[in-house]
Number of protein chains: 2
Amino acid sequence: MQFDASLPIYQQVVTDIKREIASGTVHPGDKLPSCRDLAVRYRINPNTAARVYQVLEAQGVAETRRGMGTYVRDDPQLKGTMLREMADGYTAQYVREMRGLGFERKELLKILAAWDGPEEQTKEDTGNGKGKTDA
Amino acid sequence: MQFDASLPIYQQVVTDIKREIASGTVHPGDKLPSCRDLAVRYRINPNTAARVYQVLEAQGVAETRRGMGTYVRDDPQLKGTMLREMADGYTAQYVREMRGLGFERKELLKILAAWDGPEEQTKEDTGNGKGKTDA
DNA sequence: CTTAGTGTACTATATAGATAGTTCACTAAT
DNA sequence: ATTAGTGAACTATCTATATAGTACACTAAG
């Protein structure tokens, strides 16, 4: 995983773990990696990894048991709640940004329907621009 | 304007000025406020304001003439170029985020079509949650 | 020339973030 | 009791950001 320099690393890792829960890759009750393992996986400092778990616990996403590890909160509704929360957050931000540029919802639908931009780069895909917004 | 603590202020001001150009509030050739005026308008430090113009110049959006001020580059295509650039950037990010949550384009269209969430708060709008994503 | 307004450059201070390294406290297994 | 693995708590250093304040160089207008 590569980090965006304009956002704290620990926040990006927090978001990534929440994404894994929301998308069903990690489940409520699952044990998360130890601070030291997490640091290795994301190539970050163990202190930064510990901070990730402190934030997740503060947000009610994870539970920490000293000496035992950190676990995803065992709440069957957790996945659905987080999926809705994150999707709504992304959508609200997108609509806000596009409105700031002068686009109304109707135009957003047209742009998204025509969107074929950067579809997951693969090895063979040399990534020629292809078509984007023609508005 | 209020700033997001998780992003450098100068970057947020840069984006705001580019948004004004893309949406047609400010036009190519227009004179931008002086560093000191900009600092007053955004309630930031004059040094931070100067940095904003350095970034805008580096990005080819503005031209600085020492002793005279900073101007939006006088290119008739600038507005269109920036509008496309910013809209594509926002859309690409949105699609990427939602795909990470497991949503395909078809679902995005449904979510956006049903979206009525946080429409620009006005004085009368007390901001009750209203309906959001029901996925 | 003088003045006002411009961008630029510098010193200094303060804070947040990230790193490195060490140590401690708790838990489970042996 | 010992050991290994866990989170937590420190000290220290470094960088980026933002602030305050001062000074300088250039431009146009008087």
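Here is the naming used below: chain letters follow the sequence lines, and residue numbers restart at 1 for every chain. FYI, side chains are in, hydrogens and waters are out, and symmetry mates aren't considered; it's all heavy atoms of this structure.
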Each nucleotide in nucleotides 22-30 of chain D should get exactly one letter: B, S or -. Can you fill that in based on protein heavy atoms under 4.0 Å? -B-BBSS--

Does [N] have its OP1 or OP2 closer than 4.0 Å to a side-chain nitrogen or oxygen of [X]?
| X | N | result |
| --- | --- | --- |
| A/Thr64 | D/dT6 | no |
| B/Thr70 | C/dG7 | yes |
| A/Ser34 | D/dT6 | yes |
| B/Tyr53 | C/dG7 | no |

Between atom OH of A/Tyr90 and atom CD of A/Glu85, what is the distance when rounded to the nearest 0.5 Å?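 So the OH of A/Tyr90 and the CD of A/Glu85 are separated by 10.5 Å.
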
Sequence-distant partners of B/Asp37, salt bridge (Lys or Arg N to Asp or Glu O under 4.0 Å), two or more places apart: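 None.
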
Provide, to the nearest angstrom, the distance between the CG atom belonging to A/Asn45 and the C1' atom belonging to C/dT22.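 Atom-to-atom, A/Asn45 to C/dT22, this comes out as 12 Å.
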
Report the distance from atom CD of B/Gln11 to atom P of D/dA16, rounded to the nearest whole Å. 13 Å

Mind checking what makes side chain to side chain donor-acceptor pair (under 3.5 Å) contact with A/Thr48, not counting sequence neighbours? none

Which atom pairs, one a donor and one an acceptor, fall under 3.5 Å between side chains of residues 60-69 of chain B and the rest of the protein, sequence neighbours left out?
{"residue": "B/Thr64", "atom": "OG1", "partner": "B/Thr70", "partner atom": "OG1", "Å": "3.1"}

Non-neighbouring partners of A/Gln12 that pass side-chain contact (heavy atoms from CB on, under 4.5 Å), sequence neighbours left out: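 side-chain contact (heavy atoms from CB on, under 4.5 Å) check on A/Gln12 returns A/Met1, A/Phe3, A/Asp4, A/Leu7.
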
Could you list the residues that satisfy ring pair (Phe, Tyr, Trp, His ring centres under 6.0 Å) with A/Tyr94, not counting sequence neighbours?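 For A/Tyr94, the residues satisfying ring pair (Phe, Tyr, Trp, His ring centres under 6.0 Å) (neighbours in sequence not counted) are B/Tyr94.
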
